[in-house]
Amino acid sequence: MRLDKWLANSGIGSRKEVKKLLKSGAVTVNGKVIKDAKQHVHPQTDEVMLFDEPVEYREFIYLMMNKPAGVISATEDKRDETVVDLLDDMHKHFDPHPVGRLDKDTEGLLLLTNDGQLSHSLLSPKHHVPKTYFARVRGHVTEEDAAAFREGVTLDDGYHTKPGELIILSAGEESEIELTITEGKFHQVKRMFQAVGKEVLYLKRLSMGGLLLDEELELGEYREVTEEELALLRES
Ligand code: URA
């Protein structure tokens with residue numbers, strides 16, 4: 001791997017900032033000052049130091065985003081802006097991908113990582129990782145709907161969902177609810193409400209397994225997941 005990638009991956013700064021540090025002679029590899037960003041280094045055998053402090057190699061990145069509406073949960077797209085387009089270069093070059101999909105018009109918690117194993121385990125249908133959504137729904141959501149969701153409902157393609165837990169926050173011409181499901185079928189929340197004759201007007205994901213959306217994050221903002229949060233996610 002290139003030395004500048006190692007340094008940028010370790011969180012020291014962007015590739016541009018790293019280049020400056022290299023130029024200044026602040027970086028040594030196995031005790032020798034190296035100014036060449038392209039120098040090859042090996043995570044297992046080489047010792048990289050910055051101002052005489054060891055720089056640990058970091059392979060994985062875990063980001064929590066408050067996804068805004070209007071961007072798609074993909075790494076690239078010909079037409080639309082993607083969630084990866086919202087990342088700084090410093091995080092982009094880890095090649096993170098979104099863990100699962102939120103619809104273009106859905107907001108809220110989206111995890112991005114380059115840790116394929118964690119991503120696979122969170123998405124595996126075997127693991128039933130719970131995901132909780134807040135929704136504003138056209139129509140009067142009732143306890144009968146909650147009972148139907150507890151039994152599972154039949155979607156437009158004939159699929160019968162696993163049980164969902166519906167909490168009615170307010171009910172009227174428009175209702176506000178929280179729904180927890182353990183699957184991730186295409187448009188699942190919207191189609192579950194369709195199955196009981198209602199329409200989702202606004203949808204936001206609040207949590208995925210043990211990871212809760214940090215409400216301090218503005219739409220489109222993201223931050224690294226903490227060690228504690230990562231441990232909770234792994235337990236999910
Ligand atoms: N269910 C939906 O209908 N849309 C989403 O984005 C997520 C879950």
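Order of listing sets the numbers, starting from 1, for every ligand and every atom in it. Predicted model only: the values in this text are computed from it and were never measured.
- Here is the list of ligand 1 atoms found below 4.0 Å of a heavy atom in K190: 3 (O).
- For D103 (side chain) and T106 (main-chain N/O), no donor-acceptor pair under 3.5 Å exists by modelled atom type.
- Contact atoms of ligand 1 toward Y133: 7 (C), 8 (C) (distance under 4.0 Å to a heavy atom of the residue).
- At a cut-off of 3.5 Å, with distance as the only test, no side-chain donor of D95 or N114 sits close to an acceptor on the other residue.
- Under the ring-ring contact (aromatic ring centres under 6.0 Å, His included) criterion, H91 pairs with Y222, sequence neighbours left out.
- Ionic pairing of K204 and E215 is present here: one or more N-O contacts between side-chain nitrogen and carboxylate oxygen are shorter than 4.0 angstrom.
- For the 3.5 Å distance criterion, the side chains of H97 and T75 fail to qualify, holding no donor opposite an acceptor.
- Considering only non-hydrogen protein atoms, atom 1 (N) of ligand 1 sits nearest to V189 N, 3.1 Å.
- Salt-bridge check for D156 with R191: passed, with a basic side-chain N closer than 4.0 Å to an acidic carboxylate O.
- Nearest protein neighbour of atom 4 (N) of ligand 1, counting heavy atoms only, is D103 OD2, 2.7 Å.
- Of the polar atoms of T106, at least one N or O is found under 3.5 Å from an N or O of ligand 1, judged by distance alone.
- If you look at L203 next to ligand 1, the close heavy atoms, those under 4.0 Å, all belong to the side chain.
- When only interatomic distances are considered, the shortest N/O to N/O separation between H187 and ligand 1 falls below 3.5 Å.
- Ligand 1 is never approached by F186 to a heavy-atom distance shorter than 4.0 Å.
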